[in-house]
Amino acid sequence: MLKIGVLVSGGGSNLQAILDGIEKGIIPNTKVVAVISNKEDAYALERAKQYDIPHMYLNPKDYRTKKDYDQALADYFHAQSVDLIVLAGFTRVLSETFVNQFSNRIMNIHPSLIPSFCGKGYYGLKVHEAALSYGVKVTGATVHFVDLGTDTGPIILQKAVPVLEGDTPEILQRRVMEEAEWQIYPKAIALYAQGRIQIQGRTVKIIEHL
Ligand code: GAR
């Protein structure tokens with residue numbers, strides 16, 4: 001059984017897609033064992049509650065340093081014997097010590113086709129605002145492993161989504177979620193749970209048939 005710990009900051013629609021994926025059997029042999037938010041009012045916590053999943057708000061202000069905060073997250077996940085950490089709309093960049101403790105065991109979803117519109121300062125709606133002001137005709141979403149950079153880790157899955165005339169950042173965000181994020185995140189976790197992901201340097205190889 002793959003045990004997942006999820007980090008959230010907002011609405012948690014990706015968390016929901018993962019929970020639906022587990023329920024429908026799209027993600028086999030997997031359980032979400034912890035959901036932690038850095039924001040008290042994150043609706044994602046409510047979703048966890050509805051599924052009886054242990055969840056908590058951890059306030060960064062209660063910790064002296066970012067490193068201390070991240071260690072508290074790591075300690076909790078270690079205590080729950082978490083195998084894979086899933087960032088689902090988590091707005092903080094994780095410190096080096098955290099990433100090193102879970103090397104190649106942290107996944108993130110980013111709402112663009114990396115390496116476009118990613119890195120420091122690009123999160124949530126800002127990503128879609130940037131895509132629209134650049135004038136790209138295609139955008140999408142990327143699931144990747146987290147390394148020491150921001151949005152630089154090995155790419156697992158990507159899906160393209162068209163930009164349409166009249167799009168606002170909100171409309172585009174919704175289309176990217178529906179057509180890409182909510183599909184590729186459960187799929188990437190399923191591949192991981194099935195042992196079908198191999199990392200070769202910075203390249204991810206998906207094993208088609210076991
Ligand atoms: C999603 O669009 C996710 O891709 C994005 O935040 C949103 C969270 O929505 N993540 C980032 O921008 C990370 N850099 P959700 O809380 O409904 O899943």
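Whatever order the structure lists ligands and atoms in, that order sets their numbers, starting from 1.
The protein heavy-atom contact nearest to atom 11 (C) of ligand 1 is P111 CD, 3.6 Å. Of all protein heavy atoms, the one closest to atom 9 (O) of ligand 1 is M177 CE, 3.4 Å. Protein heavy atom at the shortest distance from atom 14 (N) of ligand 1 is H110 ND1, 3.2 Å. Protein heavy atom in closest approach to atom 10 (N) of ligand 1: I109 O, 3.7 Å.
Contact annotation for Y122 and ligand 1: only backbone heavy atoms (N, CA, C, O) come within less than 4.0 Å of the ligand.
In the vicinity of G89, heavy-atom distances shorter than 4.0 Å reach the ligand 1 atoms 6 (O), 8 (C). Below 4.0 Å from some heavy atom of G124 lie the following atoms of ligand 1, by number and element: 11 (C), 12 (O). Shown in contact with E181 at under 4.0 Å from a heavy atom are these atoms of ligand 1, numbered in order with element: 1 (C), 2 (O), 3 (C), 4 (O).
Of the N or O atoms in G12, one or more lie within a sub-3.5 Å distance of an N or O in ligand 1. Between N108 and ligand 1, not a single N/O pair is under 3.5 Å apart. Residue S13 has at least one N or O atom closer than 3.5 Å to an N or O atom of ligand 1. Residue N14 has at least one nitrogen or oxygen atom sitting less than 3.5 Å from a nitrogen or oxygen atom of ligand 1, judged on distance alone.
For R92 and Y123, the positive end is not near the middle of the six-membered ring at less than 6.0 Å and at most 45° from its axis.
With hydrogens and angles left out, the side-chain atoms of Q16 and Y51 include a donor and acceptor closer than 3.5 Å.
A salt bridge links E178 with R174; the closest basic N to acidic carboxylate O contact falls under 4.0 Å. Between D151 and K120, no side-chain nitrogen of the basic residue sits less than 4.0 Å from a carboxylate oxygen of the acidic one, so the salt-bridge criterion is not met.
Not one N or O on the side chain of R105 forms a donor-acceptor pair closer than 3.5 Å with the backbone of L84.
Between H78 and F102, the gap from one ring centroid to the other is short of 6.0 Å.
Under the side chain to side chain contact (heavy atoms under 4.5 Å, CB included) test applied with I53, the options L19, L45, V33 reduce to a single match, L19.
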For a side chain to side chain contact (heavy atoms under 4.5 Å, CB included) check, start with the C-alpha distance between V176 and E181, then their side-chain angles and the critical distance, and finish with the verdict.
CA-CA 6 Å; V176 169; E181 296 187 43; 3.7 Å; yes
